[in-house]
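Letters A, B, ... mirror the listed sequences (proteins, then strands); counts begin at 1.
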Amino acid sequence: MDDQPRLMHSTHGVGMAGHPGLAQHMQDGTGGADGEGRKQDIGDILQQIMTITDQSLDEAQARKHALNCHRMKPALFNVLCEIKEKTVLSIRGAQEEEPPDAQLMRLDNMLLAEGVSGPEKGGGSAAAAAAAAAAGGGGSDNSVEHSDYRAKLSQIRQIYHTELEKYEQACNEFTTHVMNLLREQSRTRPISPKEIERMVGIIHRKFSSIQMQLKQSTCEAVMILRSRFLDARRKRRNFNKQATEILNEYFYSHLSNPYPSEEAKEELGKKCSITVSQVSNWFGNKRIRYKKNIGKFQEEANMYAAKTAATATNVSTHGSQANSPSTPNSAGGYSSPCYQSDRRIQ
DNA sequence: GACGATGATTTTTA
DNA sequence: TAAAAATCATCGTC
């Protein structure tokens, strides 16, 4: 206990432990009311700072060392740590429990599916192929566009990984720095390993929120890229002349009810080398555009009427079948240019 | 480049 | 839920 009196001892030296000017200021309570007194105190402090010498610093260091070596210090330190843990940390710990972030999971899944994160799938070619298939495309004519897509996706992937690496490095560096700082400070104030752990957790959460922004931006970039390269509208090709003729023939020969059945659509699709949904699109567009401007289509209608009539003549002459697929609602020839179906377009 | 045509998608309607 | 209607984005022609 020979050091004990020194703990309470006020010194003339300068340092954390001995500060007569400040100590007096705190004790007598004169600092608040008396301006002159305060000036005097500040003057004293400044005077003391000016008189700091190597010797006084050494003295302070020695005092600090003596404190650290005090036999009661570890026990006292542990008690303080325990108290702190029981009070502050338990409250904070309960507040900071967070569920796994659903948004982050969605972003991760998407980046994985697009081939941006995870193992490289040939620069995202698998994703490109899947996207192209989903868009109803595919085929060799798209290969150039797909290679562009792959190149851009590869760029995005590269940027993403570089940035991610940077963030991770920065996070590790910062964490190490903070841990060292806290460990250093734990010699003079009660910082338990648990608190350091908690601080590391906070740092990681902060950095992961930055990472989420990076992931979000990457997802947006991929979406834009997809829409730019793989949106079916962007690589639209007009149907060939023969396909358009077949569709028009059907349309005008069923003008009273231009709604092909599923079977008829399939047959038309086969004949035109297009999909059933393309047939549906074509009829949808045709009906609405015809209805909007019947006059404009009159000439076309007459032409196909003549064509149908000629085909019908051929059929009766040669006994062969008509070219157009039939439907349960087929009128079997050119009809008046306004729909009679209860399905409308009046 | 302007502009109409056209295939595809999205929104509205019945 | 299918079709109508609106809209978008590209094609093709001048």
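Between A:Y252 and A:F297, the ring center distance fails the sub-6.0 Å criterion.
A straight line from CZ of A:R287 to P of C:dA2 spans 13 Å, rounded to a whole angstrom. In this structure, A:N281 places its CG atom 14 Å from C1' of C:dA5, rounding to the nearest Å. Rounded to an integer number of Å, the gap from CG of A:N285 to P of C:dA5 is 12 Å. Straight-line distance from the OH atom of A:Y259 to the P atom of B:dA14: 14 Å, rounded to whole Å. Taking atom CZ of A:F283 as the reference point, atom P of B:dG7 lies 12 Å away to the nearest angstrom. In this structure, A:E262 places its CD atom 12 Å from C1' of C:dT1, rounding to the nearest Å. Note: CG (A:N240) to P (B:dG7) measures 10 Å, nearest angstrom.
Using a 4.5 Å cut-off on side-chain heavy atoms (C-beta onward), A:K271 and A:Q242 make no contact.
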_Residue pair A:L268, A:V276: steps toward the side-chain contact (heavy atoms from CB on, under 4.5 Å) verdict_ = CA-CA 8 Å; A:L268 284 166; A:V276 172; over 6 Å; no
What N/O pairs connect the protein and nucleotides 4-6 of chain B at under 3.5 Å? Give each pair on its own line.
residue	atom	partner	partner atom	Å
B:dT6	O2	A:R236	NE	3.4
B:dT6	O2	A:R236	NH1	3.4
B:dT6	O2	A:R236	NH2	3.0

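Remark: A:E267 does not engage A:K270 in a salt bridge, criterion side-chain N to carboxylate O under 4.0 Å. Ionic pairing of A:E300 and A:K286 is present here: one or more N-O contacts between side-chain nitrogen and carboxylate oxygen are shorter than 4.0 angstrom.
The aromatic rings of A:W282 and A:F251 stand perpendicular to each other, their planes meeting at an angle above 60°, with 30° marking the opposite boundary.
The phosphate of B:dG7 (OP1 or OP2) has no side-chain N or O of A:Q278 nearer than 4.0 angstrom. Of the side-chain N and O atoms in A:R237, none sit less than 4.0 angstrom from OP1 or OP2 of C:dT10.
Taking the nucleotide of DNA chain C with the nearest heavy atom to each of A:S280 and A:K292, the more 5' of the two is matched to A:S280.
The side chain of A:I288 sits closest to C:dA5 out of C:dA5, C:dC11, C:dA3.
At distances below 3.5 Å, not a single donor-acceptor pair connects side-chain atoms of A:H70 with backbone N or O atoms of A:H65.
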